[in-house]
Asks: 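First the structure, which I've put down as structure tokens, then a few questions once you've had a look.
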There are 2 protein chains.
Amino acid sequence: MDAVDRLLASTRELLWERGYVGTSPKAIQQRSGVGQGSMYHHFAGKSDLALAAIAQSGAELRVSAATLLNKPGSARGRITAYLQREREVLKGCPIGRLTQDPDVLADETLRRPVDETLGWVRGRLAEILAEGKESGEFAADLDPIAVAATLLAVLQGGYVLARAANSTEPYEQAIKGALSLLR
Amino acid sequence: MDAVDRLLASTRELLWERGYVGTSPKAIQQRSGVGQGSMYHHFAGKSDLALAAIAQSGAELRVSAATLLNKPGSARGRITAYLQREREVLKGCPIGRLTQDPDVLADETLRRPVDETLGWVRGRLAEILAEGKESGEFAADLDPIAVAATLLAVLQGGYVLARAANSTEPYEQAIKGALSLLR
DNA sequence: GTCTATAACGGGATAGAC
DNA sequence: GTCTATCCCGTTATAGAC
């Protein structure tokens, strides 16, 4: 793993753990083992590093969501699998957490990959809900766009409740409740 | 408004806007117009100020939730009113946002009021869902604890989606979807 | 490409005068 | 109670040598 890869890996970890405001270039250097000069040779600065790291995390999130959501099977089955997939609940969502970072939201360049990633998941969920509606799995009056937003919000909000409680329990309840309502 | 009140008001605003990590004692002093010495006379330091501010915000959130949830009326009506009440969506939840702050979660003293506030709302929603189940408004197999977690997660996650998109639209869709599923 | 030196500024507080 | 001075350390770079 070269310097660039180690810098990106460390930046992604730190953004996940501490957010953008809570992450310093020095901390990135220490965690990655890459020196000051080397870091500024490869990246223009903190925001440049963060942009590359967020783009990578967003791409990875889409791939792993697509893997589950594109599988063959019923719409309900795929959505259930996606909602119930194993997650590091107490760590939260590496993309969603960035929405609490004022400096990320204030910078269109940094916010865009966050928006695109969550927007993509919402869209993909809506497509599957529409398929399930078509095939008669879901009620004819189900609104795919609205319910897709609801389901992704349950995930993102589930992280919030779990972190507040320092327990995965509320997250699991929230998922369980959402799946029961979808019946 | 005396110095203490102005310090607390400013701290609450800054915690809401920038989180704990993003809020400095100096910023609090400048926004409140209270001097350095005065601040450290009334509060032991940043975490002490934050604790008092979080407790106040949590108490206020409970009061405003209770106001809507305790009104007379059907269970469904009260829950709908709570979910649809006007909110500063793009600012997010002043309590929920603190769950993204590593220094808040790492300190039991600071995390407790966050946990208690969100836990209280979950509990109150569960009580109302149970009442509605009793009265036949909701299906007999509805799980009040799980669905209460789902509804609060939709709110908290709705903020996340809205801030990512820099638009209240996904928040409104998430609420709409949740209410439609509750039917 | 990577290293060390330097720098201007902010964070988070303590000390003691008034 | 409030003010100013002081302190040490971290942040976020830039400069230039190797």
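Protein chains get the first letters and strands the later ones, always in sequence-line order, with residue 1 at the start of each. Note that this is a predicted model, so its numbers are computed, not measured.
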Asks: Is the shortest side-chain heavy-atom distance between Glu60(A) and Pro94(A) below 4.5 Å?
Replies: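 Heavy-atom side-chain distance check fails, nothing below 4.5 Å.
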Asks: Take atom OH of Tyr40(B) and atom C1' of dA17(C), then tell me their distance rounded to the nearest Å.
Replies: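 Whole-Å distance recorded here is 19 Å.
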Asks: State which of dT14(C), dT12(D), dG11(C) makes the closest approach to the side chain of Ser24(A).
Replies: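 Among dT14(C), dT12(D), dG11(C), the one nearest the side chain of Ser24(A) is dT12(D).
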Asks: CD of Gln36(B) versus P of dC7(D): gap in Å, rounded?
Replies: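 One finds 15 Å between P of dC7(D) and CD of Gln36(B), rounded.
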Asks: Which whole-number value in Å describes the distance from His41(B) NE2 to dA15(C) C1'?
Replies: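 Value for this atom pair: 15 Å.
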Asks: Considering only heavy atoms from C-beta outward, does the side chain of Tyr82(A) approach that of Val121(A) to under 4.5 Å?
Replies: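 When only atoms from C-beta onward are counted, Val121(A) and Tyr82(A) do touch, with a gap below 4.5 Å.
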Asks: On a heavy-atom basis, which atom in Leu161(B) and which in Ala149(A) lie closest, and how many Å separate them?
Replies: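 Scanning both residues, the minimum pair turns out to be CD1-O, 3.6 Å.
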Asks: For dT12(D), does OP1 or OP2 lie under 4.0 Å from any side-chain N or O of Lys46(A)?
Replies: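 Yes, Lys46(A) has a side-chain N/O under 4.0 Å of OP1/OP2 on dT12(D).
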Asks: Starting at atom NZ of Lys26(B), determine the distance to atom P of dT11(D), rounded to an integer number of angstrom.
Replies: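 Interatomic distance, NZ of Lys26(B) to P of dT11(D): 16 Å.
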Asks: Whole angstroms only, please: what is the CZ-C1' distance between Phe43(A) and dT12(D)?
Replies: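 That distance rounds to 16 Å.
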Asks: If I take atom CD in residue Gln29(B) and atom P in nucleotide dG12(C), what distance separates them, rounded to the nearest angstrom?
Replies: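 So the two atoms are 11 Å apart, to the nearest Å.
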Asks: Measure from CG on Asp2(B) to P on dG1(D) and round the result to the nearest Å.
Replies: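 One finds 10 Å between P of dG1(D) and CG of Asp2(B), rounded.
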Asks: Between His42(B) and Ser47(A), who's closer to the 5' end of DNA chain D by nearest nucleotide?
Replies: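 Result of the comparison: His42(B).
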Asks: Hey, is the main chain of Leu182(A) close enough, under 3.5 Å, to the side chain of Arg76(A) for a donor-acceptor pair?
Replies: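 Flag set: sc Arg76(A) to bb Leu182(A) pair under 3.5 Å.
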Asks: Roughly, in whole Å, what's the span from CZ in Arg18(A) to P in dG10(D)?
Replies: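 To the nearest whole Å, that distance equals 13 Å.
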